[in-house]
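Naming convention: chains lettered A, B, ... in sequence-line order (proteins, then strands); numbering from 1 in each chain. Because the structure is a prediction, the values reported are computed rather than measured.
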Amino acid sequence: MARILITSALPYINGIKHLGNLIGSQLPADLYARYNRGRGNEVMFLCATDEHGTPAELAAAKADQPVAEYCADMHKVQTDIADRFGLSFDHYGRSSSMQNRKLTQHFASKLADAGLITEVEDRQVYSNTDGRFLPDRYVEGTCPNCGHDGARGDQCEECTKQLDPTDLINPRSAISGSTDLEVRETKHLFLRQSALRDQLDQWIDSKTDWPILTTSIAKKWLHDGDGLQDRGITRDLDWGVPVKKGDEDWPGMEGKVFYVWFDAPIEYIAATGEWAEANGKTDADWQRWWRTDMGADDVKYVQFMGKDNVPFHTLSFPATILGSGEPWKMVDHLKSFNYLNYDGGQFSTSKGRGVFMDQALEILPADYWRWWLLSHAPESSDSEFTWENFQQSVNKDLADVLGNFVSRITKFCRSKFGEAVPEGAEYGEQEQALIAELTTRIRAYEGHMDAMEVRKSAQELRAIWVAGNEYLQSAAPWSTFKTEPEKAATQVRMGLNLIRLYAVLSAPFIPTAAASMLSAMNTLNTSWPDDVAEALNALPVGHDFSVPDVLFAKITDDQREDWQSRFSGKRD
RNA sequence: GGCGGUAUAGCUCAGUUGGUUAGAGCAGCGGAAUCAUAAUCCGCGUGUCCGGGGUUCAAGUCCCUGUACCGCCA
């Protein structure tokens, strides 16, 4: 039994995520987790909210709440939505947890011991009115290049010129609008990533089976210009992990916190500690997933994320781990995704454009979204969501091909033989041919799933559903029933067993519908079809079942048009 | 500006280390069947593989170049 550690990129705390975020990390990670559990592997699937940093502080201020309280509330909201989407995390943690605080401080201490941290004097804009330092992007003013008034301190969005906050004419605080600003000296810790460049380079070179998207981004950062740069890992903020060297104070760093990108990936590890604590486990129980000296040697670790997160996961976080000199588990496979666009443009959290997770669940059950998103995952390039495509795909694949299959076979059996698996002969030639085809296809499906080829997996699964319809069509039990009822009974027995088989195979994609199918077939047998012939005899003659409700109602043209206009603008 | 990605049938996409008449699903057209959510199954594709050069016996697949769209730039 293999042991698989799976993490999804951490969603930021300031609001509900849209479907583009979902398909970029959490959903494919869930697919992989459910599949591996289905195969009988031991899985640890983790995610958490990323809670530190200025955007969280500002969102809390806007909501008129203390930031800790705001984060606690939003964490609950996100946990609830994740649950309703069927995201089967073993633990959904928080980067603000005490475990993460301790671990982050621990890593910083180890890095300092290894000589990989330097202190750098810096000059930064301080707002007297706000009583705080302002991150570059929170200083606004007139662009010296094009004269645009809303330029940010890191870049002018109008002319795209990169700026320094001190370049701005008439600078003001983006938080309060105050112009009472001054430049102050401040000291920060830098992680000497440059010292680890060759190690990281070799490590990336050894990953020959990673998506090109992943390695090309990593290589670019390693070699572009002067190569990998050292990175500031502290900030002058209140909300975050206090800068400490392990348990001890860090002279000169009083009142500062670690940068959100330093502590967020460490939360992958800390979340496992949170899982242990929440479930009455010991430290050893989580360490066997993460410490190669404590049993994590045989763990396969897979990360899922959108392409914007790749640099931090291929370079910064590995630098933290390698630099610590401790035997932590490093990622084995990094599956990255492109972006999903919405109806001709981008999904956008800040602009409220597109469909957000809570809204999606208001109009349709999770399985509809899961199927469409996964079967159209942006693997090789950016892909696009349109309502027409969504309606067509979902109606055809889920309602017609799969849902109707379940419906036609159960209703036929009920009307001719009653609600129990009818007695007939052994499977004949036609059934053996079907078993052979399904065996080939199921092995291909497993291959794609093991390789995390999401779209190809969906295609193969669909072909497996189609094979059932083809069989029924050519076997035609409604026809054989008239002259050879016993033969019809055998064919119906095959059809009913196919429903159970489909439920098991489809569960990673559409867990709710799969559960309904199993429930209708009145079975708890979810064993993976290593032997397809055996799997198609799982429901024996005489086994009771029931006819389920329609699995997937079709999306009507009226609904589609309604949603299309409802989601065309900004969210409320 | 630098870098990266993408450009293949009306739509969404596959096309492995270059090798016979470029494929799949959807949509469309025709047919079969009537158990079923008017569902299913079968048959039907003359596509400047973005343009232009080049390498090669052979290029959608490699090289150069141009164009378009998207993204990233700590």
Can you check the distance between B:G45 and B:A38, where both ends of the measurement are the C1' atom (answer in whole Å)?
27 Å
Has A:Lys554 got a side-chain N or O lying under 4.0 Å from the OP1 or OP2 atom of B:A39?
yes
In whole angstrom, give the distance that lies between atom CG of A:Leu498 and atom C1' of B:A36.
15 Å
Please state how far atom CG in A:Asn341 lies from atom P in B:C70, giving the value in whole angstrom units.
9 Å
Keeping A:Ser393 on the side-chain end and A:Phe390 on the backbone end, is there a donor-acceptor pair under 3.5 Å?
no
Has A:Lys456 got a side-chain N or O lying under 4.0 Å from the OP1 or OP2 atom of B:A24?
no
N/O (side chain, A:Lys396) to phosphate O (OP1/OP2, B:U40) under 4.0 Å:
yes
Classify the nucleic acid contact of A:Val406 as base, sugar-phosphate or nothing, counting any heavy atom under 4.0 Å across all strands shown.
nothing
Nearest-Å distance once atom P is located in both B:A14 and B:G54
31 Å
Within the 4.0 Å heavy-atom criterion, would you say A:Phe552 contacts the bases, only the backbone, or no part of the nucleic acid?
base
What is the distance from CH2 of A:Trp372 to C1' of B:C11, rounded to the nearest Å?
12 Å
Rounded off to whole Å, could you give me the NE2-to-C1' distance for the A:His448 and B:A14 pair?
10 Å
Distance check: side-chain N/O of A:Arg462 vs OP1/OP2 of B:C26, anything under 4.0 Å?
yes
Ranking A:Ala467 and A:Leu402 by the position along RNA chain B of their nearest nucleotide, the one closer to 5' is A:Leu402
How long is the gap from OG1 on A:Thr556 to CD on A:Glu561, to the nearest 0.5 Å?
8.5 Å
Indicate, yes or no, whether a donor-acceptor pair under 3.5 Å links the base of B:A36 to the side chain of A:Asn404.
yes
Calculate, to the nearest 0.5 Å, the distance between atoms CG and CD belonging to A:Asp263 and A:Glu51 respectively.
10.0 Å
Which value, in whole Å, describes the distance between the C1' atoms of nucleotides B:G18 and B:C57?
12 Å
So, A:Gln391 versus A:Asp557: side-chain donor-acceptor pair below 3.5 Å or not?
yes
Considering only B:U37, B:U12, B:C35, which nucleotide approaches the side chain of A:Val550 most closely?
B:U37
Using the side chain to side chain contact (heavy atoms under 4.5 Å, CB included) definition, which of the options A:Val401, A:Leu402, A:Asp400 pairs with A:Asn469?
A:Val401
Hey, is A:Trp478 doing a stacking thing with B:C35, by the 5.5 Å centroid and 30° angle criteria?
yes
Nearest-angstrom distance, P atom, B:A58 to B:G15
26 Å
B:A36 to B:C50 separation - P atoms, rounded to the nearest Å
48 Å
Atom-to-atom span, CG of A:Asn395 to P of B:A27 - whole angstrom
10 Å
Answer with yes or no after comparing the ring centroid distance for A:Phe481 and A:Phe417 against a 6.0 Å cut-off, counting only values under it.
yes
Give me the distance, rounded to whole Å, that separates B:G23 from B:G30 when you measure between the C1' atoms they each carry.
22 Å
Are A:Glu185 and A:Arg123 ion-paired here, with the side-chain N under 4.0 Å from a carboxylate O?
yes
Interatomic distance where CG belongs to A:Leu315 and P belongs to B:C72 [whole Å]
18 Å
Check for me whether the distance between the ring centres of A:Trp465 and A:Trp371 falls short of 6.0 Å.
yes
In whole Å, measure the gap between the C1' atoms of B:A9 and B:U46 for me.
11 Å
If you assign each of A:Asp397 and A:Glu470 to its closest nucleotide in RNA chain B, which residue comes earlier from the 5' end?
A:Asp397
Separation between the C1' atoms of B:G52 and B:U67, rounded to whole Å:
11 Å
When pairs are called at under 3.5 Å and a stem needs at least three consecutive Watson-Crick or G-U pairs, the stems of RNA chain B are B:1-7 with B:67-73, B:10-13 with B:23-26, B:28-32 with B:40-44, B:50-54 with B:62-66
Rounded interatomic separation in angstrom, taking CG from A:Leu374 and P from B:G25:
21 Å
Parallel, tilted or perpendicular: which describes the rings of A:His313 and A:Tyr268, with under 30° parallel and over 60° perpendicular?
tilted
Length of the CD-C1' vector between A:Glu388 and B:G10, whole Å
14 Å
Check every strand shown and say whether A:Leu551 touches a base, only sugar-phosphate, or nothing at a heavy-atom separation below 4.0 Å.
base
